[in-house]
Number of protein chains: 2
Amino acid sequence: MKEIRVAIFEDNKLLRDALHAIIDGTPGYTSCGIFTDGNRWETDINRSKPDVVLMDIEMPGLNGIEVTKNICEKFPPIKILIQTVFNDNEKIFAALCAGASGYTLKTDPPHKYLEAITDVFNGGAPISAGVAKKILGFFAHKNVILVSPNDVDYQLSNREQEILQLMVKGDSYPVIAEKAFISYETVRSHVKHIYKKLHVASRSEAVTKAIQKGLA
Amino acid sequence: MKEIRVAIFEDNKLLRDALHAIIDGTPGYTSCGIFTDGNRWETDINRSKPDVVLMDIEMPGLNGIEVTKNICEKFPPIKILIQTVFNDNEKIFAALCAGASGYTLKTDPPHKYLEAITDVFNGGAPISAGVAKKILGFFAHKNVILVSPNDVDYQLSNREQEILQLMVKGDSYPVIAEKAFISYETVRSHVKHIYKKLHVASRSEAVTKAIQKGLA
DNA sequence: AAACCAATCCCCCAATGGGTGAATTAAATT
DNA sequence: AATTTAATTCACCCATTGGGGGATTGGTTT
């Protein structure tokens, strides 16, 4: 049975040292890297080669959510366990979307941490009670809607995506023209191309599709 | 310490009897009602007065999701624990939105059930590992978007909501007029009122707001 | 060289938005 | 009981916006 290599991102020295001690002090776990911020995450990850990353959300410089997003993209096999203290719905939601594999509360006792680490390492999805309650709250209060994934690629050009964003925002063509530094007529031309690619025939349909397909 | 009153909705006789036996056989738990479908849910709930409901999703007649929605609306203090077997994302998502307090897999062992019942009774949100993984998947793959809750009530009338739905669908005014059995001019009149109430000035803004505020 | 596409621009006409006004009905308030 | 408020219905005028077709340029691919 291989040891689980754990990297720690945590700006609080006390917590950092405590985690380090717990992980290195428990058979089956090794702390392979301890970092106080996410500014050099890429080299940090490359050198420490962790199986699991313990990620603090609030850190100086790049925050934990950004770093999580980046690691998930560049190193998909690495499991990330986010640690959170706060009750900010927006932040929890953003953290969920970043693509981590589990969420624990900092107030959880050490043995819970170790359990969670093993759990994510084995492909599980440990979620602390408090976080679970929040997530169910999201759904129960209908603060969340399901969008069909990008099963189809609409092949919008960069410029077209840009225009589409502004359309979703509700900007009129003249306003879009100003913001994009092109003429009114050119905006309209882009819009027409967008409609063709999205298979829609009006602005409102395009906006609906953009939101529901996650293009905005 | 009060006993926890548990009602069971489950169409499978074997499972139903097993649950009944486990719950009544464990100190601290009483099964106060056992039902094979949700068709008479309101009288069932009124008579059995449960603290916690074990709800099967697939039942003849009214399915578990509908019944859950109804109970959550009419009897908010009652906690509902949904039991699921299948892997259908859509169904799990619908179940989450119905407003239940917890989700267990039917494959979980009995002691897990009892734990989950106690957990929801105490305000927790037990989520089985498999369901947790699915939920994180929703968020990680961005198949889900956060909508600001109805923090403000736009006070749209029924008719206006109806028109707004059709606008979101992308119907033109003449088409909306046909579907709503009113004249073109009346549609326009409603639309203007909608814009005033939503504080927007164009169809696309109205559509965006409708989607993001959950009005559609 | 030909075909393609993104990005730019113009014109015609239909659809949409804002203002204003008004009749009927129902509900709420005084 | 009288008044007010709001919802629903309809109408007209007119300016702005939006949709469809067409066209040019420059760059890329075939």
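The figures here come from the full heavy-atom set of this structure, side chains too, leaving out hydrogens, waters and symmetry mates. Proteins come first, then strands; the chains are lettered A, B, ... in the order of their sequence lines, and each starts at number 1. What you are looking at is a predicted structure, and each value in this text was computed from that prediction instead of being measured.
Take A/Phe35 and apply the ring-ring contact (aromatic ring centres under 6.0 Å, His included) test, not counting sequence neighbours, and it matches A/Phe9. B/Glu42 meets the salt bridge (Lys or Arg N to Asp or Glu O under 4.0 Å) test with B/Lys74; sequence neighbours excluded. In terms of the salt bridge (Lys or Arg N to Asp or Glu O under 4.0 Å) criterion, B/Glu205 has no residue partners (sequence neighbours excluded). In this structure A/Arg16 satisfies the salt bridge (Lys or Arg N to Asp or Glu O under 4.0 Å) test with no other residue, sequence neighbours excluded.
Within the structure, no pair that satisfies the side-chain hydrogen bond (donor to acceptor under 3.5 Å, both in side chains) test touches residues 60-72 of chain A, not counting sequence neighbours. Contacts classified as side-chain hydrogen bond (donor to acceptor under 3.5 Å, both in side chains) and involving residues 44-53 of chain A (residues at least two apart or in different chains) are given here: A/Lys2-A/Asp51. Among residues at least two apart or in separate chains, salt bridge (charged side-chain N to carboxylate O under 4.0 Å, His left out) pairs with a member in residues 193-203 of chain A are A/Glu160-A/Lys197.
Projected onto DNA chain D by closest heavy-atom contact, B/Glu160 and A/Pro174 fall at different nucleotides, the more 5' of which corresponds to B/Glu160. Between B/Asp171 and A/His190, it is A/His190 whose nearest contact on DNA chain C lies nearer the 5' terminus.
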Q. Going 5' to 3' along nucleotides 25-30 of chain D, which nucleotides have protein heavy atoms under 4.0 Å from the base (write B), which only from the sugar-phosphate (write S), and which from neither (write -)?
A. ------
Q. Reading nucleotides 18-28 of chain C from the 5' end, what letters show protein touch, with B for base, S for backbone sugar-phosphate only, - for no heavy atom under 4.0 Å?
A. BBB--------
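Ring geometry, A/Trp41 versus A/Phe75: the interplanar angle exceeds 60°, so the pair is classed perpendicular (tilted spans 30 to 60°).
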